[in-house]
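In what follows, a single structure is set out as structure tokens and then discussed.
These values consider heavy atoms only, across backbone and side chains, with no hydrogens, waters or symmetry-generated copies.
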Amino acid sequence: DPNHCLHNGGDEFCGAGAYCTNNCGGDYQANGCLVAEQPPSADCWACMGEGSENCDGMAEDTGSETATETATDTTMGETATETTAETGPELCEGPQDCTDPAQPFCAMSGDCVACNDMPNPDEACLGADPALPVCVDTSCVACAEGKTDACTGTTPICNTENNTCEGCTSHDQCADTACNFDAGNCIDASAVVHVDGDFQNCGASDGSEGMPYCTVGAALAGAGAETLVILHERDGQNPYVEANTVTLTVAIFAAAGEDPILQGFNNNPALTVSPTGNLMLREIAVSNGPDYGIEINGGNSWVEASKLVANTNAGIRVTSGSAVITNSFVGVSIADVPGMSVGAGTVSILYSSIIGGTLASPALSCDDGSGVAIRNSLVVSRDAGPELDCTGAQATSSAFEADVPGGNTSLGAMPDGGWFEGYNTGNYKLSAAAPAAIATAATWMTGDPTTDIDGQARPTEIGRASCR
């Protein structure tokens, strides 16, 4: 039996207060271990496993010595015999006897030790605290490289620098699904659905890749508390003309290698995020709609590598709630509306281009009391007025037309749309006519995106100047 103590080191396998036997000596267990106050007889005891010898020697009490001293009291003429005992350190019988946090385990030797001195360090840690099932050096921790079973739920990621479980902070940490940035968990793979507007049998749709939903609205109608929608490109670059409200936690990702387009409908944004909603958008275009591209109305949104452009109102309107914009294009090319509009909400803009239109069209417009942070981004407009109409905005390592305090780059007035490959259509890739200073305005920091909107690698040296 490979699980018998005879084949696993004897007493050490059985643990404190137990002895390995040759299946004898009393009420022994199936693995040969006998829980008893005294060891079994020599012919039964296998202290070191199969082939053990001299087990009786282990039973001797080496922790104490008795010395007898005889003293004569000459005054009384009597002889008195006095016996003294010298006792060694007290041995532990179980973890309850080990009160030093640095040595909480009781070894077979009777010594209190750290986890690394136990026969099975990880098993010892798991038994002591299921939340800290891994022994690293001398301590029990939550996880380590290749040992991440304890990292689940809202803390699915192992930080190997401090051996703790943390919430996800990137979609790339969640294999084949998406990160719920609001809670920190990876959306379950069973909650992934597909949408393909060119599917011909919509009545039979079940959301699988082979039987996809035909509209985003249908996917949202069948969504659970958390859903990842994989959105496929329609033939001929036709858009999904819909107006949907996000009330739960929803991620909408472009299918790999495809370029799907959302377009609002009936004077409504393509997506509106309600106070109970969380929206994660990745590699999606929202364009040519009759209102805002998307509106955040009390909920939270995270937009990555997306293009919210060429709508008849701002690419994003944050009425209230929050938005995190990363590696994205947001803007308009028309008059009288801003590229992005913020009311009472909070916004973080990183490595993105926020572009305004012509007359009375700043790139970014904010109401008093909003909270806006801009870093490593480009903010310009064809409007002769300020491109940044946002009192209190905090901007660093970004490029503006005007001189904006905070270590930013001043480009001077943008004369027309020639700085971009397709200003009127929302293609904000830089053309050869763009100021060279844009290329060195940004400063990469740890945690910043390592690729741009097209998936091309960025320079990732800390403090390295780079293009937005």
Side-chain angles (χ1 to χ4, degrees), residues 192-209 211-223 227-248 250-274 277 279-297 299 301 303-319 323 325 328-334 336-341 355 357 422 424-428:
V192 177
V193 298
H194 289 256
V195 173
D196 188 341
D198 297 319
F199 183 58
Q200 297 299 309
N201 191 10
C202 299
S205 297
D206 59 11
S208 63
E209 188 170 7
M211 302 285 285
Y213 293 118
C214 293
T215 65
V216 175
L220 297 183
T227 301
L228 167 58
V229 176
I230 304 298
L231 189 62
H232 293 264
E233 177 181 340
R234 297 197 62 193
D235 293 343
Q237 283 286 287
N238 288 320
Y240 291 85
V241 182
E242 305 179 45
N244 291 296
T245 298
V246 175
T247 60
L248 301 170
V250 176
I252 303 177
F253 286 9
E258 301 184 36
D259 298 304
I261 302 170
L262 296 178
Q263 180 178 308
F265 176 69
N266 196 24
N267 293 322
N268 289 304
L271 295 167
T272 299
V273 185
S274 76
L279 172 67
M280 282 74 70
L281 205 64
R282 192 179 201 186
E283 298 178 344
I284 301 294
V286 183
S287 62
N288 296 306
D291 195 8
Y292 306 119
I294 65 174
E295 181 176 10
I296 316 305
N297 191 16
S301 63
V303 177
E304 295 183 16
S306 294
K307 301 171 183 178
L308 314 181
V309 298
N311 296 283
T312 59
N313 211 326
I316 299 178
R317 165 65 179 176
V318 183
T319 302
I325 315 298
S328 294
F329 294 162
V330 181
V332 296
S333 60
I334 58 178
D336 299 324
V337 295
M340 180 173 181
S341 173
I355 311 300
N424 290 330
T425 59
N427 179 2
Y428 299 143

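Distance check, rounded to the nearest 0.5 Å: OH of Tyr428 to OG of Ser333 gives 6.0 Å. How far CD1 of Ile316 is from OG of Ser341: 10.5 Å, rounded to the nearest 0.5 Å. A distance of 10.5 Å separates CD of Gln200 from OG of Ser205, quoted to the nearest 0.5 Å. The distance from the CZ atom of Phe329 to the CG atom of Asn427 is 6.5 Å, given to the nearest 0.5 Å. Rounding to the nearest 0.5 Å gives a distance of 10.5 Å between CG of Leu231 and OG1 of Thr215.
Looking at residues two or more places apart in sequence or on another chain, you find no side chain to side chain donor-acceptor pair (under 3.5 Å) involving Thr245. Under the rule for a side chain to side chain donor-acceptor pair (under 3.5 Å), the partners of Glu242 that lie at least two apart in sequence or sit in another chain are Asn244. Applying the side chain to side chain donor-acceptor pair (under 3.5 Å) test to Thr272 and every residue at least two apart in sequence or in another chain returns nothing. In this structure Asp206 satisfies the side chain to side chain contact (heavy atoms under 4.5 Å, CB included) test together with Ser208, Met211, sequence neighbours excluded.
Under the 4.5 Å side-chain criterion, counting only non-hydrogen atoms from C-beta, Val273 is not in contact with Ile294. Counting only heavy atoms from C-beta outward, the side chains of Ser287 and Pro239 never approach each other to under 4.5 Å.
When all heavy atoms of Ala310 and Asn424 are compared, the closest pair comes out as CB-O, 4.4 Å.
Listed by first and then second residue, the salt bridge (Lys or Arg N to Asp or Glu O under 4.0 Å) pairs that reach into residues 304-316 are Arg282-Glu304, sequence neighbours excluded.
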Solution key, residues 252-271 side-chain donor-acceptor pairs under 3.5 Å, sequence neighbours excluded:
{"from": "Glu258", "atom 1": "OE1", "to": "Glu233", "atom 2": "N", "distance (Å)": "2.8"}
{"from": "Glu258", "atom 1": "OE2", "to": "His232", "atom 2": "ND1", "distance (Å)": "3.2"}
{"from": "Asn268", "atom 1": "ND2", "to": "Asn266", "atom 2": "O", "distance (Å)": "3.2"}

